[in-house]
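Atoms within each ligand, like the ligands themselves, are counted from 1 in listed order.
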Amino acid sequence: MSEFNTSDFMNPMMTQTWSNGRHEVRCVKVIAETHDVTTFTFGMNQPVLFFFKPGQFVTLELEIDGERVMRSYTISSSPSIPYSFSITVKRVAGGKVSNWLHDNLKSGDQVAVHGPVGQFNCMDFPSEKILLLSGGVGITPVMSMARWWFDTDSEVDIVFAHSARSPRDIIYSRELEYMSSRIDNFQMHLICESTGIGQAWNGYRGYLNYHMLSLIAPDFMTREVFCCGPEPYMKAVKLMLQGVGFDMDRYHEESFGETPVKDVELAEKHADAAEVENLQPKEMVQVSFTDAGQSVAVALGTNLNEAANEAGVNISKACGVGICGACRVKVISGDFEMAQNGGISEEEIEQGYVLSCCTNVIGDIEIDY
Ligand SMILES: Cc1cc2nc3c(=O)[nH]c(=O)nc-3n(C[C@H](O)[C@H](O)[C@H](O)COP(=O)(O)OP(=O)(O)OC[C@H]3O[C@@H](n4cnc5c(N)ncnc54)[C@H](O)[C@@H]3O)c2cc1C
């Protein structure tokens with residue numbers, strides 16, 4: 001229940017607007033979307049307008065078993081409903097935060113979030129014709145966009161193709177059906193990898209491919225594309241579009257980071273169209289983690305987090321795009337390139353710190369970690 005008067009909402013003097021930063025928010029709703037996906041809605045104790053660009057994300061800062069952990073989650077709601085915002089989380093097998101949220105976070109709980117941030121959003125790439133492509137929980141950013149266009153009575157022509165493992169895995173299925181039944185400029189297409197015994201299904205089956213896409217959106221070459229899903233899914237989509245000469249300046253994608261092994265196995269089936277990468281022998285460099293006493297040889301240009309993974313060193317990470325600062329480490333010596341997005345200060349950089357998620361090694365390097 002809200003702790004403030006409804007009239008406070010109507011009083012501009014009482015209403016604040018959030019901006020990028022750290023915020024203490026309160027969970028106000030928990031909604032089971034599917035058997036392994038839950039939406040958590042957050043608000044504040046005073047009226048706050050949560051403006052953001054549809055597609056952007058927040059980073060949750062939590063304390064689990066005495067350890068501070070950070071994970072990023074896309075805002076799945078739309079800024080057209082601005083007094084709260086939601087995230088939609090899928091359980092990841094063996095995952096620390098996703099399972100903790102499902103098992104513990106309840107209405108009334110307070111959590112800290114950083115954000116909103118993110119370049120993958122529909123406001124910075126306006127277009128009259130859109131193609132939204134998503135796989136699994138990758139639906140969250142494009143759902144926020146779809147909700148925004150729907151709620152604002154936009155005339156944007158939207159084709160939305162979502163891939164799920166089976167009908168029971170389709171997130172927001174009833175809302176998608178509702179939206180597409182209400183307006184002509186919203187065409188929804190669902191693709192299921194398989195159907196369970198006795199499950200009725202009259203949508204597409206299998207994996208998104210060129211033939212299917214041509215049926216779903218015959219004019220896809222003229223649309224702005226927003227894509228989010230497992231890495232192999234996005235890779236297949238990208239290769240497919242590149243293969244037909246699509247203008248890739250009009251292709252935008254969001255990565256949720258490394259795909260858990262189980263998901264890779266399943267999602268790789270999407271990658272029929274994908275070709276084997278050009279496997280040239282690469283120059284190798286040595287990455288050493290002095291505290292951990294580990295060292296690994298990796299190809300020149302390897303991301304520092306990947307090098308740490310290979311060396312069996314676990315660096316905390318969250319957003320994966322140099323925004324949240326969770327993966328900061330200190331370089332003792334060596335060569336690197338960092339492409340951060342504001343998650344580290346000039347002072348920290350001068351002191352030798354880097355954000356490992358967005359740092360590539362370009363020479364032998366020693367890390368104090
Ligand atoms: C910009 C952005 C937006 C995102 N939006 C969403 C969203 O809307 N919804 C959503 O559900 N997710 C989203 N994610 C993903 C999310 O941030 C988390 O990565 C996800 O929830 C998994 O976190 P976890 O803590 O549960 O798993 P983790 O604990 O990080 O584990 C991930 C996997 O790695 C395995 N693993 C962990 N440690 C080890 C180890 N030492 N050795 C071997 N294997 C290990 C685990 O078993 C698991 O399979 C987003 C990510 C980003 C970067």
Side-chain H-bond candidate by donor/acceptor type, [X] with [Y], under 3.5 Å:
X: Glu231; Y: Ser255; result: yes
X: Gln286; Y: Ser295; result: yes
X: Thr88; Y: Tyr172; result: yes

Original post:
Can you name the closest pair of heavy atoms from Gly138 and Phe256 and give their distance?
Top reply: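 Minimum heavy-atom contact is CA-CE2, 3.9 Å.
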
Between [X] and ligand 1, which part of the residue brings a heavy atom under 4.0 Å of the ligand: side chain, backbone, both or neither?
X: Val97; value: both
X: Thr88; value: backbone
X: Ala93; value: backbone

**OP:** Report, in ascending order of atom number, the atoms of ligand 1 lying under 4.0 Å from any heavy atom of Gly94.
**Re:**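 Per the distance check, 46 (C), 47 (O).
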
Original post:
Which of the atoms of ligand 1 are close to Thr140, meaning less than 4.0 Å from one of its heavy atoms?
Top reply: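 Close to Thr140: 7 (C), 8 (O).
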
From [options] - option closest to [atom] by heavy atom:
atom: atom 11 (O) of ligand 1; options: Lys90, Lys96, Gln56, His102; result: Lys90
atom: atom 20 (C) of ligand 1; options: Phe57, Trp100, Tyr73; result: Tyr73
atom: atom 33 (C) of ligand 1; options: Thr39, Val92, Ile171; result: Val92
atom: atom 31 (O) of ligand 1; options: Gly95, Gly118, Gly312; result: Gly95

Original post:
Would Arg328 count as a cation-pi partner of Tyr369, with NZ or CZ less than 6.0 Å from the six-membered ring centre and within 45° of the ring normal?
Top reply: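 The answer is no; the distance or angle limit is not met.
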
Using a strict threshold of under 4.0 Å (side-chain N to carboxylate O), is an ion pair present between [Y] and [X]?
X: Glu67; Y: Lys96; result: yes
X: Lys129; Y: Asp157; result: no
X: Glu224; Y: Arg250; result: yes

Original post:
Do ligand 1 and Ser255 have nitrogen or oxygen atoms that lie under 3.5 Å from each other?
Top reply: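 In fact, backbone or side chain, Ser255 has no N or O that close.
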
Original post:
For Ser98, is at least one N or O under 3.5 Å away from an N or O on ligand 1?
Top reply: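 Yes - when backbone and side-chain N and O of Ser98 are compared with those of ligand 1, one distance drops under 3.5 Å.
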
Original post:
Among the heavy atoms of Asn314, does any lie under 4.0 Å from an atom of ligand 1?
Top reply: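 No, Asn314 has no heavy atoms under 4.0 Å from ligand 1.
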
